[in-house]
Amino acid sequence: MATVPNVDNKRYQGLIISIALFLSLIGALLAFTFYTSNLLERNTALIDQTNQVANSAQAVIKDLFDLDSSYGEDTNSPHIQRVLSRLEQNTALITSSIAAIEQGSTITDAEGNSYDLPKIDSQARTNIAAANEQWKALEPKIQTYLKDADNIMVTSADELTQAVEQAKTSSLFINDSLDNLTKDVFDSAQRQATTIRLIQVLGVAAIFTYFLIFVFFFVRRLRETDAEASAARQETQEIMETVNTGLFLLDKDLNIGQQHSRALNNIIGSDSLAGENFTNVLRGRISDKDLKTTQQFIEQLYNPRVKEKLVDSLNPLNKVMLHNLSEDKSLDNRFLDFKFSRVYDNKDIARILVNVNDVSDAVYLEQRLEKERSQNDMQIEMLTTILNVNPKIINEFIGNTQAHIEKMNNILKNPGSSQYELEGKLKAIYREMHSLKGEASALKLHSFTKIASDAEDKLHALQNQGQLSGNDFLPLAVHLDDLLSLSNTIATLGERINRSAPSAAKSSTVQAPIATQNPVADHATSNADFDGGLDIDLDNEADDDLLSFYNEFTKEIAARQGKRVQLKSTTLTQTSIPAHLAKPIKEISIQLLRNAVVHGIESPSVRHTAGKTDVGTIDLEVQDNGSNFMLVVQDDGQGINYDSIRNKLIEEGRFGTEEANQLSKGDLLKQLFSSGFSTKEHADEDGGRGVGLDIIKAKVKEYDGKLNVNSELGQMTRFVITLPKA
């Protein structure tokens, strides 16, 4: 683009030279006219001056004759004084005028106007010299007379007589010389005027002729240029109508140029784009944030100090969704990809070239592939879980998932209109969702965990919005459907594995007890333990697998939290858990273990500072005393900080400072077990939503059990859950 101006300069160089020459001719003619006008003015002044000298000479002679005839009259009379004064003025005027004519100098008239006299030729110089010679003979006698003319004490008759006699002789020669001079000057001026007129006529004719030639060649060149421009426009139009991409130019005000590709109308979805403002075209079709960012992005493209490649990665219109604004609802939203490039004029940024393509098919294909890839990853994740976890635990998870979903569905179906009832529904659903998430997280089913976490985000938002309505719970149905679909997928995968496994493998697996606690080793001996939808019962191995399950669960949480934890249990594998308590014991254990890792055990650096080992210890024990079944979970962590609970209650505005300071430890524990309360600053997959302890409290209450908490700050926390066996 930078070479275009040079081409244009060469192309129009002849035109520029022609115009300059034409203007030079006009300027030269005007300058010559000005010069000749000045010359004519000086000649006119010269003629006037010779006439004035002649008139003054006649006036001098007349005044001398008048004085001679009036001699004897009182010299102080007005008549004599007037004549003497006039004689003196005309004498001085003739002397200065003759000198000015001879030298071609500047003269000043009676009104004070100055004129430059021209240099006279030789003939005129002879005439003025003759007149001057006669004047020099007369002028001294006049001066002698004027010296004492008004002095009554001196007789000036002789001087007057001499002056009169000389005037009689000189006046004729002076008049003849001045007449010849005037005639010579007039003839010279006439010759100059004729020459000037001829030159002016020739100059005007030459200029007019040159103008006609210039117009002829200019019109021809203009027609050629128009033809070239028309051909170029035709070529551009053909290109614009043929290309399948949207091409247009943007100026600094973000106005679209008058020319653009025909495909642009179909891509943008507008019939009139030429001259439109780009922001007006996009307004309402992309977000206001993207629109503002686009304006700032294009402004940066016009900034010469900003590298084009540097800001290209910041393009906000890269595969952007353009919303459909037409009334035709059958038209889908489209994905467009805008590319921006600078157009330079020399080194200046003149325009921004925009290339836009409809990439909807590519984006939809990419989304479909991504969805399929996510589904494949999800199935691989589930398949890995099935192959590495005891089938009984998987079977329990599927059953528990369906039970949780069914319970949440029933809660949603229950009528409720008052805020108290709606808040109760919200807390109940929150507990069920959190329990489900805990079991999924323990099995490393991240797809389950992600859906449950998203549902918890919405539940948490509902908790904080204040006023609730029945419609607020409708979006949760989508998450329940997704969770149920994933649960069914696990069951289906298990059935497929069971159908494809050899019968000998099934038989050997059922007969050989599993003694290892390693999930990877479990895969070698139990990868075919699925029969009839995961209904095989492995009671002899269940407790060992459960301990291994808890151990892996705590280690995974500890890894995410940046901690080191060791789980110990001497009774879990020795004590038989009643069948009807297996589910609540497992749910409570998961919540207590997560709570111990997240809130109890400190980070290795903190433990080291406190004089503890870097690895925290969690003890999980179960006891059967005949009438009751007890679950004890104890950690050697930081204990319960009641001051932190009190400060958090004040910070959240649940209690005033004075009221909070009056709360006992028992009151603070009750708040710790309330729904939605947590001392963790930020919620994550493992905690911080204030639901885990609420689930424990609800389960203990559901089974008519008891809950006991014992804690020593900086030393330990112990939870004792007692559930009646009856």
Side-chain angles (χ1 to χ4, degrees), residues 389-404 407 428 431-432 434-436 438-439 442-443 513-514 517 537-554 566-597 599-600 617-636 640 666 669-670 672-673 691-711 716-726:
V389 179
N390 187 284
K392 183 176 181 180
I393 296 178
I394 296 294
N395 191 42
E396 289 177 354
F397 172 75
I398 295 173
N400 291 343
T401 299
Q402 294 173 344
H404 285 304
K407 191 169 183 178
R431 286 193 293 267
E432 295 298 324
H434 197 72
S435 296
L436 179 57
E439 293 188 49
L443 288 173
I514 301 174
Q517 296 181 8
D537 187 9
L538 304 176
D539 290 333
N540 294 333
E541 307 151 10
D543 294 334
D544 286 342
D545 287 335
L546 189 59
L547 179 58
S548 177
F549 169 75
Y550 287 153
N551 192 33
E552 289 296 323
F553 174 56
T554 54
Q566 180 182 14
L567 177 65
K568 296 180 178 181
S569 178
T570 58
T571 58
L572 183 61
T573 58
Q574 306 296 327
T575 306
S576 177
I577 302 175
H580 71 287
L581 295 180
K583 180 181 177 181
I585 289 295
K586 184 178 180 181
E587 290 187 19
I588 293 173
S589 298
I590 288 175
Q591 299 301 331
L592 287 176
L593 290 174
R594 177 189 285 112
N595 189 75
V597 176
H599 298 282
T617 301
I618 301 177
D619 292 306
L620 187 152
E621 305 295 344
V622 292
Q623 300 175 14
D624 186 351
N625 60 7
S627 59
N628 297 314
F629 192 86
M630 298 177 62
L631 171 65
V632 180
V633 177
Q634 178 175 326
D635 65 78
D636 65 346
I640 298 175
L669 278 178
K670 289 181 181 179
L672 189 62
F673 279 84
V691 186
L693 294 181
D694 182 41
I695 292 174
I696 295 172
K697 181 181 69 174
K699 286 295 178 183
V700 172
K701 184 178 180 180
E702 180 181 352
Y703 285 86
D704 294 327
K706 295 181 181 180
L707 171 62
N708 181 267
V709 182
N710 186 21
S711 178
M716 68 88 181
T717 300
R718 181 171 60 249
F719 287 85
V720 180
I721 309 297
T722 303
L723 301 178
K725 294 174 64 177

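The figures that follow rest on heavy atoms only: side chains count, while hydrogens, waters and symmetry mates do not.
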pair L693-Q591: side-chain heavy atoms closer than 4.5 Å: no

Q634 meets the side chain to side chain donor-acceptor pair (under 3.5 Å) criterion, sequence neighbours left out, with R718

Show the nearest heavy-atom pair for residues T717 and I640, with the distance to one decimal. OG1-N, 3.8 Å

How would you list, by chain and number, every residue that makes a side chain to side chain contact (heavy atoms under 4.5 Å, CB included) with T570, sequence neighbours excluded? E621

Starting at CG of D635, measure out to CE of M716 and round the result to the nearest 0.5 Å. 9.0 Å

The salt bridge (charged side-chain N to carboxylate O under 4.0 Å, His left out) partners of D619 (sequence neighbours excluded) come to none

CD on E552 to CG on L547, rounded to 0.5 Å: 10.5 Å

I need the N551 CG to L546 CG distance, nearest 0.5 Å. 11.5 Å

Atom CG in N710, atom CZ in F719: separation rounded to 0.5 Å? 10.5 Å

Heavy-atom closest contact (P724 atom, L581 atom, distance): O-CD1, 4.1 Å

Nearest atoms (heavy-atom pairs only) where N625 meets F629: OD1-N, 4.5 Å

Identified side chain to side chain contact (heavy atoms under 4.5 Å, CB included) counterpart of L620 within the set L592, T571, V633, T554: V633

Could you tabulate the donor-acceptor pairs under 3.5 Å formed by side-chain atoms of residues 697-708, not counting sequence neighbours?
unit_1: K697; atom_1: NZ; unit_2: F673; atom_2: O; d: 3.4
unit_1: K699; atom_1: NZ; unit_2: E587; atom_2: OE1; d: 3.3

Going from CD1 on I577 to OG on S589, what distance comes out if it is rounded to the nearest 0.5 angstrom? 7.0 Å

In this structure, CG of L723 is separated from NE2 of H580 (nearest 0.5 Å) by 8.0 Å

Can you name the residues that form a side chain to side chain donor-acceptor pair (under 3.5 Å) with T617, not counting sequence neighbours? none

With sequence neighbours excluded, residues passing salt bridge (charged side-chain N to carboxylate O under 4.0 Å, His left out) with K670: none

Closest heavy-atom contact between G626 and K725? O-CD, 3.0 Å

Honestly, is K586 close enough over Y550, meaning NZ or CZ under 6.0 Å from the six-membered ring centre and within 45° of the axis? no

